[in-house]
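Fair warning: this is a prediction, and the values are worked out from it, not measured in the lab.
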Amino acid sequence: MLYPTHLAAGLVVSSIILQASGTSAQQWPGVLLLSGIACAIPDLDHHNSMASKMFPGPVSDIVCKVFSKRTAMHSLAAALLLHWVLQFLGFGLSETARIAVVGAFLSHPFIDLFNPEGVQLFWPVGPKISLAKWLPWPFTFRTGSRIETFFFRPAIWGLAAWALMGDRLGFRI
């Protein structure tokens, strides 16, 4: 999927976690900003991605050389590493905020499961997994396809708007 789709999914997950935990409104902007970055990080393994533009130069170059596309960076191991880094470095984040940011990160490999190429979710073991084995087209689709652009992404952005504004409008997720 493309970054706008990943961004929407990351905001959905983060917003749901923040809302469910009763996190104060003052913390939301910082957590959502970090979530917008975290949901891009798995694509550091691809030179032309938004993540490679966010972290240009040696970071992106090293990750692209060491890991194949949609393997280690799209795994549960990478999510655990991110949680550990956030916990170790602190950044003044609460546990709920760290979980929201890691949730945004995990939204990335989850929605990439809808791509026939799949992801190696359990890296370093096991094959790439794709929902294409169980779901027919148009429920699985290629990155940048018309289905992603005109159906999947708008649906996720609608869900993101609901997740972001639901509490303010009087309905909770």
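- Under the 3.5 Å distance criterion, with hydrogens and angles disregarded, a donor-acceptor pair is assigned to the side chains of S21 and T23.
- With hydrogens and angles disregarded, no donor-acceptor distance shorter than 3.5 Å links the side chain of W157 to the backbone of A9.
- Sorted by first and then second residue, the salt bridge (charged side-chain N to carboxylate O under 4.0 Å, His left out) pairs involving residues 20-36 (not counting sequence neighbours) form an empty list.
- For the salt bridge (charged side-chain N to carboxylate O under 4.0 Å, His left out) test, residues two or more places apart in sequence or in another chain that qualify with E117 are R70, K128.
- With sequence neighbours left out, the side-chain hydrogen bond (donor to acceptor under 3.5 Å, both in side chains) criterion links D43 to H74, H108.
- Clustering of Ile, Leu, Val, Met, Phe, Trp and Tyr side chains at separations under 4.5 Å places V13 together with I17, I99.
- Here the straight-line distance linking atom CG of L81 with atom CG of L86 works out to 9.5 Å at 0.5 Å rounding.
- Qualifying side chain to side chain contact (heavy atoms under 4.5 Å, CB included) partners for S60, counting only residues two or more places apart in sequence or in other chains: L44, H47, S52, C64.
- Residue pairs meeting the ring-ring contact (aromatic ring centres under 6.0 Å, His included) criterion with at least one member in residues 126-151, sequence neighbours excluded: F141-F152.
- For W123, the ring-ring contact (aromatic ring centres under 6.0 Å, His included) partners two or more places apart in sequence, or in a different chain, are F67.
- Applying the side-chain hydrogen bond (donor to acceptor under 3.5 Å, both in side chains) criterion to T5, with sequence neighbours excluded, gives E148, R153.
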**Message:** Between L121 and S75, does the side-chain contact (heavy atoms from CB on, under 4.5 Å) criterion hold? Intermediate values first, please.
**Reply:** CA-CA 4 Å; L121 199 57; S75 70; 5.8 Å; no

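- With sequence neighbours excluded, the residues forming a side chain to side chain contact (heavy atoms under 4.5 Å, CB included) with P116 are A132, R142, listed by chain and number.
- Remark: side-chain polar atoms of N115 are not paired, donor with acceptor, to backbone N or O of S130 under 3.5 angstrom.
- Every side chain to side chain contact (heavy atoms under 4.5 Å, CB included) that L34 has, sequence neighbours left out, goes to L93, V101.
- A donor-acceptor distance shorter than 3.5 angstrom exists from the side chain of S49 to the backbone of H46, with no hydrogens or angles considered.
- The backbone N or O of Q120 lies less than 3.5 Å from no partner atom in the side chain of T71, so there is not a single donor-acceptor pair.
- With sequence neighbours left out, the side chain to side chain contact (heavy atoms under 4.5 Å, CB included) criterion links F110 to L113, F114.
- Residues satisfying the side-chain hydrogen bond (donor to acceptor under 3.5 Å, both in side chains) criterion with H83, sequence neighbours excluded, are E95.
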